[in-house]
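Down below is the structure, laid out as structure tokens.
Heavy-atom basis, side chains included; hydrogens, waters and symmetry copies ignored.
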Amino acid sequence: MNPLSGIKIFIPSIELAALRKLPRDAVYFLAASFANSVGMAIMWPLTTFYVHNVLGQSYGDAGMVVFFQSLFSVFGQLLGGQLYYRLGPKNIIAGSFVIASILLLLIAATSSWPLYIVCLSLFGFANGVAMPAMNAYVGFRWKKHRREMYNVMYVCNNFGVSVGAAVGGLVAAVSFSLTY
């Protein structure tokens, strides 16, 4: 029996005509924003299971690691907002995602508990730096569609968090080697 057979999935209907009114590069930006939020949300259940099952720590310790990741993401957002006019949105977004990718490789390669905490906290910081730049970029790049873009980006991010958390749990149930 399929364990998911009784679950009905609610997907909010987004009017495709409204998305067709947006510039093509704006739709790609929204897709990238969705993918980023899915990727961040996948980390929560995977971190919890990885910390408990592989690193041998308690679920409370796993919760603290996720807390540190979120806290450092807030610090990154503060810094990202300060750097917006100095470096420009494209440099901030690209740079933070490159650094986050390197940190993911380090996370995948470590089995040290203290190093794992540091790498995951820095990963949250690196991703947080890009958030204000992404939000501000929407407002300046697509001035005509600013309101629609903010609203759709908000929905995409929230939907991505839901999808990411669900997918993260499914991936962790199958194999941790698929995690990273």
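- Among residue pairs with one or both ends in residues 29-46, those qualifying as side-chain hydrogen bond (donor to acceptor under 3.5 Å, both in side chains) are Ser33-Asn157; sequence neighbours excluded.
- Tracing side-chain contacts under 4.5 Å through hydrophobic residues (I, L, V, M, F, W, Y), one never reaches Phe159 starting from Tyr154; they form parts of separate clusters.
- Other residues sharing a hydrophobic cluster with Leu105 under the 4.5 Å side-chain heavy-atom criterion for ILVMFWY residues do not exist; the residue is a singleton.
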- Is there a side chain to side chain contact (heavy atoms under 4.5 Å, CB included) between Asp61 and Leu55 once you walk through the steps? CA-CA 10 Å; Asp61 291 339; Leu55 296 177; over 6 Å; no
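- Minimum heavy-atom separation, Ala100 to Phe123: O-CD1, 3.5 Å.
- In this view, Ser111 satisfies the side-chain hydrogen bond (donor to acceptor under 3.5 Å, both in side chains) rule with no residue, not counting sequence neighbours.
- Closest non-hydrogen pair, Pro45 versus Ala165, comes out as CG-O, 3.4 Å.
- Leu30 contributes atom CG, which lies 4.0 Å from atom CE of Met149 (distance to the nearest 0.5 angstrom).
- Listed by chain and number, the residues in a side chain to side chain contact (heavy atoms under 4.5 Å, CB included) with Ala62 are Thr48, Val51 (sequence neighbours excluded).
- Between the Thr110 side chain and the Leu106 main chain, no donor and acceptor come within less than 3.5 Å of each other.
- Using a 4.5 Å cut-off between side-chain heavy atoms of Ile, Leu, Val, Met, Phe, Trp and Tyr, with links allowed through other members, Val74 and Phe68 fall into different hydrophobic clusters.
- Legend: side-chain hydrogen bond (donor to acceptor under 3.5 Å, both in side chains) pairs involving residues 130-146, not counting sequence neighbours, sorted by first then second residue: Asp25-Arg141, Asp25-Trp142.
- Rounded to the nearest 0.5 Å, atoms CG (Leu83) and CG (Leu78) are 11.0 Å apart.
- Annotation: side chain to side chain contact (heavy atoms under 4.5 Å, CB included) contacts of Ile99 (sequence neighbours excluded): Leu103, Ala126.
- With sequence neighbours left out, Tyr28 forms a ring-ring contact (aromatic ring centres under 6.0 Å, His included) with no residue at all.
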- Please lay out, stage by stage, how Leu120 and Met43 fare under the test side chain to side chain contact (heavy atoms under 4.5 Å, CB included). CA-CA 9 Å; Leu120 204 61; Met43 293 295 293; 3.4 Å; yes
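- In terms of the side-chain hydrogen bond (donor to acceptor under 3.5 Å, both in side chains) criterion, Asn151 has no residue partners (sequence neighbours excluded).
- Going from atom OH of Tyr50 over to atom CD1 of Ile107 covers 9.5 Å, rounded to the nearest 0.5 Å.
- In this view, Gln77 and Ser73, Met131, Pro132 satisfy the side chain to side chain contact (heavy atoms under 4.5 Å, CB included) rule, not counting sequence neighbours.
- Of all non-hydrogen atoms in Pro89 and Tyr84, the two that sit nearest each other are CB-CE1, 3.5 Å.
- Counting heavy atoms from C-beta on, the side chains of Phe34 and Val152 never come closer than 4.5 Å.
- The ring-ring contact (aromatic ring centres under 6.0 Å, His included) search around Phe75 returns Phe72, not counting sequence neighbours.
- At a threshold of 4.5 Å between side-chain heavy atoms, the hydrophobic network of Ile, Leu, Val, Met, Phe, Trp and Tyr places Trp113 and Phe67 in one connected group.
- Side-chain heavy atoms closer than 4.5 Å link hydrophobic residues (I, L, V, M, F, W, Y) into clusters, and following such links, even through other members, never connects Val66 to Ile42.
- Residue pairs meeting the side-chain hydrogen bond (donor to acceptor under 3.5 Å, both in side chains) criterion with at least one member in residues 87-103, sequence neighbours excluded, do not occur.
- To the nearest 0.5 Å, the span separating CD1 on Ile117 from CE on Met64 amounts to 9.0 Å.
- Note: the hydrophobic cluster containing Leu71 does not contain Val161 (ILVMFWY, side chain heavy atoms under 4.5 Å, direct or indirect links).
- Remark: Ile102 engages Val98 in a side chain to side chain contact (heavy atoms under 4.5 Å, CB included) (not counting sequence neighbours).
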